[in-house]
Amino acid sequence: MPAGRPNHVIFNLGPVALPPDTEVSLETLKEARLLHISGKSRKLPLKILAGNGWAEPRVYRAAAFSEAAIEAIEAAGGEVVLLPAKQKWTREGAAAKKATEAEAAAQAAADRAAAWRARREAGKSPAQEEAVESDPGVNGKVAEDDASDSE
């Protein structure tokens with residue numbers, strides 16, 4: 001990021017106005033209105049700092065922690081969960097994703113073609129098979145028509 005712009009939304013450890021069994025994460029802090037995030041900071045991950053060094057025994061989920069915050073949380077009996085960082089977009093990554101999607105589409109097309117060939121070898125066209133599956137009464141109706149013609 002350019003100089004002077006924040007990389008994270010910062011939260012300092014301390015007493016939190018949340019129920020005792022609630023974990024501390026970006027979402028829970030937003031819902032409790034303990035963080036007021038707007039503008040470009042909406043897309044930033046959470047970083048927890050030690051602040052006054054006082055932590056509650058909770059589960060803390062964030063993209064980054066200061067070392068002092070980790071020590072304070074673990075000393076209080078809490079749990080630190082480091083969330084994975086969002087993958088940065090690159091041309092190589094986008095090309096790899098596109099190639100993976102193309103391979104999946106080619107595999108799906110090959111599977112459809114194999115199923116079609118299997119039906120064809122069995123002597124039924126896909127249209128005939130769909131007609132029989134969708135309307136099982138067709139065979140019974142044909143038999144009734146043949147019986148009425150012979151009378």
- Closest non-hydrogen atom pair between Glu79 and Ile73, with its separation: N-CG2, 3.8 Å
- Task: Would you name the heavy atoms of Ala55 and Ala72 that are closest together and state the gap between them?
- Result: CB-O, 3.8 Å
- Message: Please say yes or no: joined through hydrophobic side-chain contacts below 4.5 Å, possibly via intermediate residues, are Leu35 and Val59 part of one cluster?
- Response: no
- Query: Under the 3.5 angstrom rule, does the side chain of Arg58 hit a backbone N or O of Leu18 as a donor-acceptor pair?
  - Reply: yes
- Item | Student check: side-chain heavy atoms of Phe11 and Leu26 closer than 4.5 Å | no
- In Å, rounded to the nearest 0.5 Å, how long is the span from CG of Leu29 to CZ of Arg61? 13.0 Å
- Item | Least distance between heavy atoms, Leu46 atom then Ala62 atom | O-CB, 3.5 Å
- Side chain to side chain, Trp116 and Asp111, heavy atoms closer than 4.5 Å: no
- Look up atom CZ in Arg91 and atom NZ in Lys98, then write down how far apart they are to the nearest 0.5 Å. 12.5 Å
- Task: Look at the side-chain heavy atoms of Ile, Leu, Val, Met, Phe, Trp and Tyr, link any pair under 4.5 Å apart, and say whether Leu82 and Ile70 land in one connected group.
- Result: yes
- Note on the structure: With sequence neighbours left out, the residues meeting side-chain contact (heavy atoms from CB on, under 4.5 Å) with Ala63 are Pro45
- Message: Which residue is it: Ile48, Leu49, Leu13, Val81? I am looking for the one with a side chain to side chain contact (heavy atoms under 4.5 Å, CB included) to Phe65.
- Response: Ile48
- Task: Taking all non-hydrogen atoms of both residues into account, name the closest pair between Ala50 and Ser66 and its distance.
- Result: N-OG, 3.4 Å
- Message: Using the rule given for side-chain contact (heavy atoms from CB on, under 4.5 Å), can you reason through Lys30 versus Ile37, listing the C-alpha separation, both sets of side-chain angles and the distance that settles it, and then say yes or no?
- Response: CA-CA 8 Å; Lys30 281 184 199 177; Ile37 301 172; 3.7 Å; yes
- Does the side chain of Val9 come within less than 4.5 Å of Lys47's, by heavy atoms? no
- Message: Membership question, hydrophobic clusters at under 4.5 Å side-chain separation (ILVMFWY): are Val80 and Ile10 in the same one?
- Response: no
- Message: Is there a side-chain contact between Val16 and Glu56 in this structure, where contact means two heavy atoms from C-beta onward sitting under 4.5 Å apart?
- Response: yes
- Does Ser41 use its side chain to pair, donor to acceptor, with the backbone of Leu44 at less than 3.5 Å? no
- Any donor-acceptor pair under 3.5 Å from Thr28 side chain to Glu23 backbone: yes
